[in-house]
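Data first, discussion second: the structure below is written as structure tokens.
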2 protein chains.
Amino acid sequence: MSDRGTGQTPISGESLLFLTDDQLRRGIEAMFFAYRGFTADPDRILQDYAYGRAHHRAVHFIKRSPGTTVNNLLDILGVTKQSLNRVLRALIEDGLVESRVGKQDRRERHLFLTETGQELEKELSEAQRGRMRAAYRDAGPDAVAGFRQVLEQIMDPEMRRHFQAFKEGS
Amino acid sequence: MSDRGTGQTPISGESLLFLTDDQLRRGIEAMFFAYRGFTADPDRILQDYAYGRAHHRAVHFIKRSPGTTVNNLLDILGVTKQSLNRVLRALIEDGLVESRVGKQDRRERHLFLTETGQELEKELSEAQRGRMRAAYRDAGPDAVAGFRQVLEQIMDPEMRRHFQAFKEGS
DNA sequence: CTTGGAAAGTCAACAAGGCTGACATAAACT
DNA sequence: AGTTTATGTCAGCCTTGTTGACTTTCCAAG
């Protein structure tokens, strides 16, 4: 699977990276097909709760940064506040998310997952992690390192900031 | 949870693939942020033509397989025929796609890009390839190989079939 | 203390692009 | 002749994105 150094494709040349349009097209399609698989498991689960991908994203990033503000979430998700608000309102009404008024700045709302919210987050992320873990296992550690390097380069610089802001175990 | 097979990929350095939930979460977020960047350039271009991502996908796969049938496209894109039809109808009416009745089986429609269609496809794919090329260059050839390996493992088996059906230069 | 402006929420309207269900047509297959 | 297949189309619904206008709250600068 991984014979580093013995070029299996024209792209693993030493210094020059000659990339044909066809090779790049392959990478583009890989992203397309993989993203479909990546979201498939959570999407299936969300149907049972009458939620969508937008709810998943909100729950994920609230879990990652408990107490985050609405504004911060808007920045990360890259949607309008009206769009996020609709999703957030549903989650709050259903008792999955709690919105607390800020102590220093009382205009801000700090978002937290309730017990129920944490349960849903766990169900979703376990499904998604399961697929990633299997993919990582089959591809091997070196492939995983490359995977993350390339993904990071594909991001917009601003998104890369958001991504790097949360290193492992921070 | 951690009962992977006894080291099937023992590679120098890390022999075992220990994956914490946090490391997996990082990979998940990398996919999320990268996909946003991945679609950003074409999305911007498509606005000028009043088209959306759905049109881009159709145009891409018709370009890849000129003469493909509607059914085949449905299979690859994973949407309903009503959804695809709406997009296809617009592209045909606007003169970007041509639909020819099949010769052997006259029920089938074979899809081709017109001159105009190829121009749009070129504009879109050049933008997308530009980003991929830059990312590949910055990450290096070994990272690229790993990138593609992991993406392929993330796909659903059926999607992997579609992906592998078109090797380089075929 | 007053006021400007930022943060947040709300309402209305709209569009893209998914979905289901029903139905039509032509061609191919049995 | 009857059934299945490939495609197209109409109608209607949902999610999730958008813009624009407006209000409330409240910090901070004048």
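Letters A, B, ... mirror the listed sequences (proteins, then strands); counts begin at 1.
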Distance check needed: dG18(C) P versus Y35(A) OH, whole Å only. 14 Å
Will you find, in the side chains of H60(A) and E29(B), an N or O donor that is under 3.5 Å from an N or O acceptor? yes
Quick one: is H55(A) getting a side-chain N or O under 4.0 Å of the dT15(D) phosphate, OP1 or OP2? no
In terms of side-chain heavy atoms of N71(A), which of dC19(C), dA7(C), dT7(D) is nearest? dA7(C)
To check you understand the geometry: which heavy-atom pair defines the closest contact between L88(B) and A58(B), and what is its length? CD1-CB, 4.4 Å
To the nearest Å, give me how far apart CG (L91(B)) and C1' (dA16(C)) are. 14 Å
Any base atoms under 4.0 Å from Q47(B), or only sugar-phosphate, or nothing? Heavy atoms, all strands. nothing
Please report the distance, rounded to the nearest Å, between CG in L46(A) and P in dG18(C). 18 Å
Can you see if the side chain of T80(B) gets near the phosphate of dC19(C) - specifically, an N or O under 4.0 Å from OP1 or OP2? yes
In whole angstrom, what separates R36(B)'s CZ from dG17(D)'s P? 10 Å
With respect to the phosphate group of dT15(D), does any side-chain polar atom (N or O) of R86(A) fall under 4.0 Å of OP1 or OP2? no
Identify which one of E123(A), K122(A), R129(A) satisfies the side chain to side chain donor-acceptor pair (under 3.5 Å) criterion when paired with S125(A). R129(A)
Of the listed nucleotides (dG17(D), dG9(C), dA22(C)), which one gets closest to any side-chain atom of K81(A)? dG9(C)
Counting only side-chain heavy atoms from C-beta out, which of dA28(C), dG9(C), dT9(D) sits nearest to R89(B)? dT9(D)
CG of D43(B) versus P of dA16(C): gap in Å, rounded? 14 Å
Applying the 4.5 Å side-chain criterion to the ILVMFWY set and letting contacts propagate, would V59(A) and F112(A) be lumped into a single cluster? no
Are N85(B) and dT7(D) close enough that a side-chain N or O sits under 4.0 Å from OP1 or OP2? no
Closer than 4.0 Å, any side-chain N/O of R106(A) to the OP1 or OP2 of dC26(D)? yes
Between the main-chain N or O of M155(A) and the side-chain N or O of R160(A), is there a donor-acceptor pair closer than 3.5 Å? yes
Integer-rounded Å distance: dG8(D) C1' and L74(B) CG: 11 Å
On DNA chain D, check which nucleotide each of V70(B) and V79(A) is closest to and give me the residue with the more 5' one. V70(B)
Can you tell me how far C1' of dT25(D) sits from NZ of K103(A), to the nearest Å? 19 Å
Report yes if a donor N or O on one partner sits less than 3.5 Å from an acceptor N or O on the other, where the partners are the side chain of R107(B) and the base of dT7(D); otherwise report no. no
Minimum-distance nucleotide (side-chain atoms of R57(B) versus dT10(C), dA7(C), dG18(C)): dG18(C)
Shortest side-chain distance from E108(B), nucleotide among dT7(D), dG17(D), dG18(C): dT7(D)
Both S83(A) and L88(B) contact DNA chain D. Which one's nearest nucleotide lies toward the 5' end? L88(B)
Measure NE2/H110(A) against C1'/dA7(C) and give the value in whole Å, please. 11 Å
Side chain to side chain contact (heavy atoms under 4.5 Å, CB included), paired with F61(A), selected from T68(A), L111(A), N72(A), L73(A): L73(A)
Please determine whether any donor N or O and acceptor N or O are separated by less than 3.5 Å between the side chain of Q82(B) and the base of dG12(D). no
